[in-house]
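To keep things clear, I will list the structure first and then write my remarks on it.
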Amino acid sequence: MKKIEKEKLLKHLEGKGDLVRLDEARQDPLSATKSSHLPREELLLLFRLNGDKGVEIRVPEGKGGKILFGVPPCEARAVDLLDLTFLKDRIDPYYERKRRENVLFVLACNKPRSTCFCTSFGYGPFSGKYGDVFMVDIGDNLLVDPVTEKGSKALEGLELEEATPSDLEKMESLKRSAEGAITTVNIEGISEKLKKMFLDEIWADLAFKCVNCGACTYVCPTCYCFDIQDVERTNWGYRERVWDSCMFPIYSLETSGHNPRPTGVERMRNRIMHKFSYYPELYGEYGCVGCGRCIRACPVNFDIREALETLKEVEVAA
Amino acid sequence: MFEKLRETARELLSKGEVECVLGFAEGTLPMFYTPYLARKPEEAEKLVYGPFAAPNIATYLRKLKGKKAAVIVRGCESRTINLLISEKQLNRDDVKIIGVPCVGALDRKRILKDYGGEIREARIEGEKVIVKGDNGEKAYVLEEYISPSCRSCLYPEAIDPDIKIEGPSRDGEKADFSDIERIEKMSPAEKWEFFEKELSKCIRCYACREICPMCYCDSCFVDSNRPVWVEPGFDYSDILSFHLIKMYHMAGRCVDCGACERACPLGIRLSFLTRKLTKDMKEAYNFVSGLSPEEKPALGVFSPDDREDFIL
Amino acid sequence: MRGNPYIPYPALLKRSYFESDDFSLKTFEFELLDGNRIDYIPGQFCEISVFGKGEAPFGIASSPTEGHILKFTVNKAGLVTTALHEAEEGSILGIRGPLGNGYPVEKFRGKNVLIVGGGFAFTTLRSLLVYLLNSRSDYEEITVIYGARTPGLLLYREELFEWEKRDDLKVILTVDREFPGWEKQVGFVPQVLERTAPSSKDCYAVVCGPPIMIKFTLPVLEKLGFKPEMVYTSLEKRMKCGIGKCGRCNIGPKYICKDGPVFSLAQLAELPEDY
Ligand SMILES: Cc1cc2nc3c(=O)[nH]c(=O)nc-3n(C[C@H](O)[C@H](O)[C@H](O)COP(=O)(O)OP(=O)(O)OC[C@H]3O[C@@H](n4cnc5c(N)ncnc54)[C@H](O)[C@@H]3O)c2cc1C
Ligand code: SF4
Ligand code: SF4
Ligand code: SF4
Ligand code: SF4
Ligand code: SF4
Ligand code: FES
């Protein structure tokens, strides 16, 4: 690993793209990492009706990339999970452009929060394999390590010092104390088990206190559901996508009035199933990174860790 | 300190007088009680009440339709029940009301902010909240961190409960609307700026709507596409429309429990709207919502004595 | 489909006409502008845009063997469908597609095919039937059972009556109740199917209709000996993107828009009941 003073690195990054600082704002309710790839509102196209000349369609141009500085490992991992939806099968061009242009400077978490449970997913606050550059704040300096080609390029032209053995020791000790502060939830086998639990009665109990708002899914860095709507204007109208959530009744309501997920019970089941059963089945990865944002955002203290523990306790017929 | 309540609940459950007791239990986060449904006598041991309970528990009554339930309420929650009865959403005979004393609900987010680092434990000691966490132990005077809505609460104690648990409560006589008066004195431009600063943070997650016991419409105006009342997206005008139309629907129906404000993940001060509503209803019609289950909604009736000076 | 899957092709509404006598169903014929063409198979669908109102998914009712005109039959229901019903001939709308998997027509070669339809869900079944008839000799026996509440609600009546006359095809039409002047079958589709009792030997069945009809039809097929791998149906759920991104149309880990809408009963047996 190499090292550099934080101020020098920040100076170097100036003017290379919109700099989004996450190193100090990790307490923000919303994940800037998600918003920078999947904004809460995004134009898909503009249209203008020209009488008999038909319709003119324009695709908005991108604004250029962002440098996300200080992304926690969990959120960088979450972007890798978003890739599974947006870069597979048919590539989503709006997402793909941002993914290509944005540079993620990941910063190891020296101080995990009480709600962090990332270590449940086989990685942790010091995992260096996410994003483009991995950084560790060892006090006087940042240790930096490029993860991708894009990351190496972003560091080009910088005079980096070699990290000393004592720097690395410092990092190890920070790592131990961070990992030690996290309570891991043992989720082994949960996806296999959930497959058999679709009709289980536990969902009603689990969902009882949930009021079906969008808070948990809006703040979740891996949730990506969106709605598409048109906005009519006299001149250029537009079609946009906006965040949506499987917790809302209208998300699945059909025009006939039929709703395959009529109550909060089915909706909660979908949210948990999507992350802990469907994702693993489709991609071999959990759809949750254990960041704990949903726990902090929930107005009624629905705690996904507790939900997982409850689900683990349920006995299902083989 | 919850012994009396737990005993009452245990008895109701073991005698089969009710199927369940709705209230709060300790949550997984510090300073956060979570809604809880006790169904067995031994589950009554988990019941708690006090400033750490953020939601309005009456919201959950709609999930208990058809069940014989006891519900543990503070003043605002008992007024909600009256409103729900008057709006035919609830049968008085289906609920047993257990009133608990209330010193107000905690403005949890403000403590989180003032403390700075991660809080890992908290407890109430007398008039203080003692928190422990990454920045060591600190004590906060509870009254200074009470939700704004509670500070202007006129009826902190449950109205006509079936069972009453005694204890110290706030004083409704001391309801304080001074911060609302401060906003009233602002110029229109200042007001506009003030509200824009707050509301433009809104992400339309609708936690404030879903947590509200009086927002129970099957299809909400914001979800309607024929006609479109509020466009998708995050233009300030749309966010403002959402909040203002919601407030219109709440006039005379909002009990000003502050649950929406405490629910907002972005910490938006929604109580500036609800409390202005409460203040105006009181001043214009001498009306406080939910004082009795027989009461008609203030804006649903007309009286020749109604104030007219706002009609142009 | 285009590089950017969210951008519709401009499409000229060439012709539209009421399909049912209660004015609730209208058929629309589109031609893609600027020389665009789409390759599709029966059972696939498109998102039709009414700019300013939005998009909604509709099964393609034309067959690719009929040329480049795209045909849809739409029930007037909500925002987009109402706007569509109001659109005048000559207007320019948008079409995005084809989307979804479609019927496994390749598998049908050399086999018997049974088509069972109810109500206005006959759209993609028309596409399928026209497609099969286009190379009739590739398939063995073809049987169609189609019902609606009243004769006036049967889609594509003229064509149905023509098909009825063919001797290389068995067409059975039914309405729910007796109706003045109606001399064909009377009864619900599942009952008529039971009465007709087509052989399940070497036979693929394709069933589309309202959920209640499907619910009662499937047990009859099972009784007749149809294997779950050889019975197909097309599912519906609220949709937006149509390409497996927006999340809402999932049944378990599958997305109706991308992995469906056509599923065999064998596939459905593996999926949770989430539709
Ligand atoms: C694969 C598929 C094929 C279909 N084929 C046909 C057809 O051939 N003819 C026909 O009349 N109808 C068809 N439908 C149903 C049709 O899509 C809905 O009736 C239509 O979306 C209603 O849109 P609306 O804007 O009028 O209603 P609104 O209630 O205003 O709906 C708003 C939006 O919600 C979504 N939505 C609501 N209901 C449905 C639904 N049932 N399915 C999918 N999206 C929905 C759409 O995006 C719609 O624009 C099909 C649906 C699917 C999924
Ligand atoms: S579900 Fe909760 S803990 Fe998991 S990734 Fe989403 S916000 Fe984080
Ligand atoms: S949990 Fe729900 S909102 Fe989140 S991605 Fe999955 S389906 Fe979408
Ligand atoms: S869950 Fe917490 S400790 Fe783990 S990577 Fe995320 S912020 Fe860091
Ligand atoms: S934030 Fe909490 S109450 Fe809202 S939908 Fe999520 S779990 Fe339910
Ligand atoms: S809870 Fe807050 S962010 Fe969510 S809709 Fe209400 S005001 Fe907006
Ligand atoms: S319609 Fe968007 S995922 Fe299926």
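By convention in this document, chain letters (A, B, ...) are assigned in the order of the sequence lines, proteins followed by strands, and residues within each chain are numbered from 1.
For the set A:Leu253, A:Thr263, A:Asp205, A:Val219, the entry with the most heavy-atom pairs within less than 4.5 Å of chain B is A:Asp205. When each of A:Val300, A:Thr217, A:Val242, A:Ile250 is checked for heavy-atom pairs under 4.5 Å with chain B, A:Val300 comes out on top. When B:Thr34, B:Asp134, B:Leu266 are compared by the number of non-hydrogen pairs under 4.5 Å with chain A, B:Thr34 comes out ahead. Between chain A and the options B:Arg209, B:Arg204, B:Glu231, the largest number of non-hydrogen pairs under 4.5 Å is found for B:Glu231. Counting heavy-atom pairs under 4.5 Å between each of B:Pro35, B:Gly27, B:Pro232, B:Pro30 and chain A puts B:Pro232 at the top.
Neither the backbone nor the side chain of A:Ala204 comes within contact range of chain B; no heavy atoms are under 4.5 Å apart. For B:Lys109, no part lies under 4.5 angstrom from a heavy atom of chain A. Looking at A:Arg305, the atoms closer than 4.5 Å to chain B (heavy atoms on both sides) all sit in the side chain, from C-beta outward. If you measure heavy-atom distances from A:Tyr218 to chain B, the contacts under 4.5 Å come from the side chain alone. Neither the backbone nor the side chain of B:Arg62 comes within less than 4.5 Å of any heavy atom of chain A. There is no contact between B:Ile57 and chain A, counting heavy-atom distances below 4.5 Å. Interface remark: B:Thr28 contributes backbone and side-chain atoms alike to the contact with chain A (heavy atom separation under 4.5 Å). Only the backbone of A:Cys298 comes within contact range of chain B, with heavy atoms under 4.5 Å apart. Heavy atoms of A:Ser114 lying under 4.5 Å from chain B belong to its backbone as well as its side chain.
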Next on the checklist: Apply side-chain contact (heavy atoms from CB on, under 4.5 Å) to residues B:Arg262 and B:Ser147 and explain how you reach the verdict.
Outcome noted: CA-CA 8 Å; B:Arg262 291 186 296 273; B:Ser147 287; 3.0 Å; yes
Item to check | Audit row: B:Cys208, B:Glu261, side-chain contact (heavy atoms from CB on, under 4.5 Å) steps and yes/no | outcome: CA-CA 7 Å; B:Cys208 52; B:Glu261 173 168 285; over 6 Å; no
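A cation-pi arrangement is absent between A:Lys209 and B:Tyr36 under the rule of less than 6.0 angstrom and at most 45 degrees off the ring axis. Seen from the ring of B:Tyr115, B:Lys138 counts as a face-on cation partner, given the 6.0 Å and 45° thresholds. Geometrically, A:Arg40 engages B:Phe234 in a cation-pi contact defined by less than 6.0 Å to the ring centre and at most 45° from the axis.
Between A:Trp243 and A:Lys34, the closest side-chain pair of non-hydrogen atoms falls below 4.5 Å.
Within 6.0 Å of CD on B:Glu137 lie more than 12 heavy atoms contributed by other residues, nucleotides or ligands.
From B:Tyr49, atom OH reaches atom CZ of B:Arg6 across 10.0 Å, with rounding to the nearest 0.5 Å.
With hydrogens and angles ignored, the 3.5 Å screen pairs no side-chain donor or acceptor of B:Ser224 with any backbone N or O of B:Cys220.
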